[in-house]
Q: 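Can you read through this structure? Questions will come right after.
Sequence lines set the chain letters: A, B, ... in the order given, protein chains first and strands last, and positions in each chain run from 1. All values below were derived from every heavy atom in this structure, side-chain atoms included, with hydrogens, water molecules and symmetry-related copies excluded.
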Amino acid sequence: MQFTITKAPYVKPITSIPIVMRHVLYALIPALAAYIWFFGFGICINILIACIAAVVSEAFMLYLRKQPITQGITDGSALVTAVLIAFSIPPLVPWWIPVIGTFSAIILAKHLYGGIGANVFNPAMVGYAILLLSFPVEMTHWAPPLAEELGYEVLGFWSTIIYALSSSLPIDTNIDAITQATPLDMIKSGIKNNSTITEIRMDPLFGKLGSFGWEWISIYTIFGGLYLLYKGIINWHIPVSVLTSMMIFSALFYAIDSDQYLSPGFHLLSGSTIIGAFFIATDPTSAATSNKGRLIYGFGIGSLAYAIRTWGGFPDGFAFAVLLMNSSVPLLDRYTRPRIYGKS
Amino acid sequence: MVKNHIAKSFTGGIKLNANKNVSSSKTIAEQFIPSKLIIPMSHQFGPDAIPIVKVNQRIKKGELIGEPADKNALAVHASCSGQVTAIEQHQEPIVGEVSSSTCVIIQTNKDDDVSHQKKYWPRDTQTRLNLINQAGIVGLGGGSFPTAEKLNSKSLNCELLILNGAECEPFISCDDVLMREHATEVLRGGMAMMELVGASAILVCIEDDKPEALNAVYDAAGQLNSKLIQIVTLPTRYPAGGEKQLIEAVTGKEVPSGEYPINIGFICQNVGTAYALDRYIQLGEPQINRVVTVTGQGIKNPQNVLVPIGSPISELISFCGGYNDDVSHLILGGNMMGYSLHTDELPVTKATNCILAINKSQEEKSTQIWPCIRCGDCASVCPAKLLPQRIVKAYTNKNFNKLEELGLKDCIECGCCDVVCPSHIPLTASFKNAKYLTEEATTHSLLANEAEMRHNLKKIRLSKEQMKVDRLHAELKSNVRGDNRKSMINDAVNRSRKLRNKK
Ligand code: SF4
Ligand code: SF4
């Protein structure tokens, strides 16, 4: 009898890239639900636009690089990037915002560096950073959470779509009536105007712990993060170190002057801290690979993000913190190489 | 009372589907006698034995048929009674591949004439070691390292003898059933080994997924009533049975890279080897059979069989009910570290611990391979604490220095990294190949070095000769010039004389 010859091990691998990516997308569902609840359907439109842009740009780049197109598109990595971009931009933006963001992510950050597995910088954060630097106005107009209850005008489903596609609002509505700066923004400008944190936080945009709305989205995001941990898709090192360093620094400065500095709870539950810690900083390709390296990497992101938020020029420094730490990864990997068994 | 220890664990490793019940639910089948034997004269280590039988010669079970090539080499014995029909080249599985070697082919008969008998077990260590070689005893864990050589540790100090009953590869259960059924013999063999190496204790290490074996060994240890036997329960995780991993788990120490356990005071022996030694001491039986696990979804009636060495795998499979229809791969060893055979017309050797027949769906690997996404999962399961993702990159770039630096040599080829890699990169296969290539490259560079040296020597020799020639030439030239000068001076002198004479 004649048998087939193949190489050991004769075991099916326990996972694959598409499976990993799919789980990441599943893990974002609770956060998405909370997001829709507080900010309306805008994010769905953004996700849809970003995903289309991602598939188109991915296919185009694969074609140019003469790589297998179907395999590249079906691995799901482009979709994860697209969805993360949609999560980081305001829910009410013209269509070209998610498109430009995704194109920059996929084309510049991913494929020009060599495609999946070769990118030095986190693609979603590159996309976001480019948007923030190029279109600061569009990128800081957030619809207030549960706008109706807070007494803001709300855009209906169709008007949202129309705004996304044509940037035109229904007659007698203007952008300032339906959007707001984010709480982190308001704190920043408030402190510049010498108000104390307690005064600023009187605004209904602030919730009990973090910013109203955002705090709940953050909490739901944690569920997704725990799911990824449970599934073994991410390791605990990065999220824990990001959150710990954020806590340490915010607690320290909060203890020094609680009128000038926000509480640790606020920092954890506002802006992109949670989604950043669990979903963005954990992108394996652009993160450190050893456990020790991951702890340092996460610690760096948490502290840099805190520093940029508190003293820097941007309301939420997460993207820049991630990008800065990305560039330190080769160094971290070099100096945290594990000791080989039996070698001293 | 025998103390129970629970070992900590080793670095890395993974939990695997054990699939052991497939074969371990039955007792060892001991009545298997094949119709013919193909007994290789080769060993995995050391020189081949020299056949001393003739065609048509009748032989008894246990009779010497291959004499050791030198005094430290291994003997080969007939594993059944019968008649020699040929001495010829035959294929056999050896160190990870199939190759040809001299084999004695025996037509067996059912007489079961036994030639061996209990022998005197001397007191002198060296004599004992010689006897172990003459009994052809090698490690049965799969490596087939000569047991006497491993036990010959006089110059080095052995503190502990570790009996390896951690059979971590999925599917394989030959050691498990052996311990269940022959715990006393295993421990007795272990104690003989301990005496030989002068160790102060035996640690019997068994994974906690083998409760029957653990119980049997406990009972046997209680009966032997020796304070020197200690039993260690290991958490079940692959590859707990790897020598280095076992030592890390039970002693917390690491075997230095490129060295052996004895360098840090330990000797590891497989429980099957201990059993074989006991058979020899008690019955005078050389190592002529071993327990083989025949298993997998491709086999009709999976079980553990006591197999005479040299039995054709095909007959062994028929004994186990034959193949199921959808069988596609025949694997020698477990599904993690075994290797696939193209045919079953090969003999069972002392290294054959398992014959695994699987069907397509079990083996089927994804045909899609993605680039490495640097997730580091491979590194976190690597028991050797390597960075498989970097090694595979160095391998693709054929960067041999990098391979060396990243510790390619320390890879134990366990396959853990392959199982977890989301990109389905064939890491282990690449590393095996890389090792092969590095070896080739080193021999190449040695050869190249030699050639270069020869070339250089030649150059030196040539240049010396050249120098000589040059010197000669130079001398000649200077002579010539010198003559010229002399003659010129002479001419001048003559001319001036002439001038003077004219005046
Ligand atoms: S095969 Fe080698 S590199 Fe892979 S996990 Fe095992 S020891 Fe590590
Ligand atoms: S497991 Fe595979 S994809 Fe992940 S780092 Fe290792 S080689 Fe790369």
Q: Under 3.5 Å, is there a donor-acceptor pair between the side chain of A:Tyr341 and the main chain of B:Lys244?
A: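 A pair under 3.5 Å: yes.
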
Q: Inspect the contact between A:Asp333 and B:Arg390 and indicate whether a charged nitrogen and a carboxylate oxygen are less than 4.0 angstrom apart.
A: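 No, no charged N to carboxylate O under 4.0 Å.
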
Q: Which heavy atom of A:Ala8 sits nearest a heavy atom of B:Lys432, and at what distance?
A: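 Looking at all heavy atoms of both residues, the closest pair is CB-NZ, 3.9 Å.
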
Q: Could you grab the distance from atom CD1 of B:Ile373 to atom OG of A:Ser286, nearest 0.5 Å is fine?
A: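 The OG atom of A:Ser286 is 11.0 Å from CD1 of B:Ile373, to the nearest 0.5 Å.
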
Q: Roughly how far, to the nearest 0.5 Å, is the SG atom of B:Cys375 from the CD1 atom of A:Ile17?
A: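 Result: 7.5 Å between the selected atoms.
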
Q: I'd like to know whether NZ of B:Lys435 has more than 12 heavy-atom contacts from other residues, nucleotides or ligands below 6.0 angstrom.
A: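 Enclosed: over 12 neighbouring heavy atoms sit under 6.0 Å from NZ of B:Lys435.
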
Q: Does A:Tyr220 OH have over 12 foreign heavy atoms under 6.0 Å away?
A: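 Open: at most 12 neighbouring heavy atoms sit under 6.0 Å from OH of A:Tyr220.
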
Q: Can you tell me how far apart OG1 (A:Thr289) and CG (B:Leu387) are? Round to the nearest 0.5 Å.
A: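 Taking OG1 in A:Thr289 and CG in B:Leu387, the distance rounds to 6.5 Å.
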
Q: Given that the side chain runs from C-beta out, which part of B:Pro170 has a heavy atom under 4.5 Å from chain A: side chain, backbone, both or neither?
A: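 For B:Pro170, no heavy atom lies under 4.5 Å from chain A.
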
Q: Rounded to the nearest 0.5 Å, how far apart are CG of B:Leu341 and CD1 of A:Ile5?
A: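 Reported to 0.5 Å precision, the distance equals 6.5 Å.
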
Q: Under 4.5 Å heavy-atom distance to chain A, tell me which part of B:Thr428 shows up: side chain, backbone, both or neither.
A: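 Only the side chain of B:Thr428 comes within 4.5 Å of chain A.
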
Q: Taking all heavy atoms of B:Glu405 and all of A:Arg337, pick out the closest pair and write down the distance.
A: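 Residues B:Glu405 and A:Arg337, closest heavy atoms: OE2-NH1, 3.1 Å.
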
Q: Tell me, side chain or backbone of A:Arg339 under 4.5 Å from chain B's heavy atoms, or both, or neither?
A: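 Both parts, backbone and side chain.
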
Q: Whether the side chain of B:Ser340 engages the backbone of A:Thr6 through a donor-acceptor N/O pair (distance < 3.5 Å, no angle test) should be reported.
A: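 Yes: the side chain of B:Ser340 pairs with the backbone of A:Thr6.
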
Q: Is the number of heavy atoms from other residues, nucleotides or ligands under 6.0 Å of A:Lys292 NZ greater than 12?
A: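 Not more than 12 within 6.0 Å, no.
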
Q: Quick check: does any side chain N or O of A:Thr285 sit under 3.5 Å from a backbone N or O of B:Arg374, one acting as donor and the other as acceptor?
A: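 Between the backbone of B:Arg374 and the side chain of A:Thr285 there is no qualifying donor-acceptor contact (under 3.5 Å).
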
Q: Check the surroundings of atom OH in B:Tyr339: do more than 12 heavy atoms from other residues, nucleotides or ligands lie under 6.0 Å from it?
A: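 Atom OH in B:Tyr339 is crowded, with more than 12 foreign heavy atoms closer than 6.0 Å.
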
Q: Donor-acceptor pair, B:Ser257 side chain versus A:Lys343 backbone, under 3.5 Å?
A: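 Looks like no, no N/O pair under 3.5 Å.
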
Q: Taking all non-hydrogen atoms of both residues, which atom of A:Ile340 and which atom of B:Glu254 are closest, and how far apart?
A: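 Answer, listing the atom of A:Ile340 first, then B:Glu254: O-OE1, 4.4 Å.
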
Q: Which answer fits B:Glu413, side chain, backbone, both or neither, if we ask what part of it has an atom under 4.5 Å from a heavy atom of chain A?
A: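 Neither part.
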
Q: Sort by residue number and list every member of residues 98-120 of chain A having a non-hydrogen atom under 4.5 Å from chain B.
A: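 The list, in residue order, reads A:Ile116, A:Gly117.
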
Q: Look at atom CG of B:Asn397 and say whether more than 12 heavy atoms of other residues, nucleotides or ligands are closer to it than 6.0 Å.
A: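 It does: B:Asn397 CG has more than 12 such atoms within range.
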
Q: Under 4.5 Å heavy-atom distance to chain A, tell me which part of B:Asp344 shows up: side chain, backbone, both or neither.
A: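 For B:Asp344, heavy atoms of backbone and side chain both lie under 4.5 Å from chain A.
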
Q: For the CD atom of A:Gln2 and the CD atom of B:Glu345, what is their distance to the nearest 0.5 Å?
A: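 If we round to the nearest 0.5 Å, A:Gln2:CD and B:Glu345:CD are 11.0 Å apart.
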
Q: Donor-acceptor check, side chain of A:Tyr10 to backbone of B:His329, threshold 3.5 angstrom: yes or no?
A: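 Not a single qualifying donor-acceptor pair exists.
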
Q: Among B:Leu16, B:Asn17, B:Leu406, who wins on heavy-atom pairs under 4.5 Å with chain A?
A: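 Top option by heavy-atom pairs under 4.5 Å: B:Leu406.
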
Q: Between B:Val419 and A:Lys12, what is the shortest heavy-atom contact and its length?
A: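 Closest pair (atom of B:Val419, atom of A:Lys12, distance): CG1-O, 4.4 Å.
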
Q: Nearest heavy-atom pair of B:Gly415 and A:Pro9: which atoms, and what distance?
A: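 Taking every non-hydrogen atom into account, O-CG, 3.8 Å.
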
Q: Looking at every heavy atom in both B:Val420 and A:Ile14, which two are closest together, and how far apart are they?
A: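 Heavy-atom minimum between the residues: CG1-CD1, 3.8 Å.
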
Q: For residues B:Tyr323 and A:Phe3, establish whether the separation of their ring centroids is below 6.0 Å.
A: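 Judged by ring-centre distance (under 6.0 Å), B:Tyr323 and A:Phe3 do meet the cut-off.
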
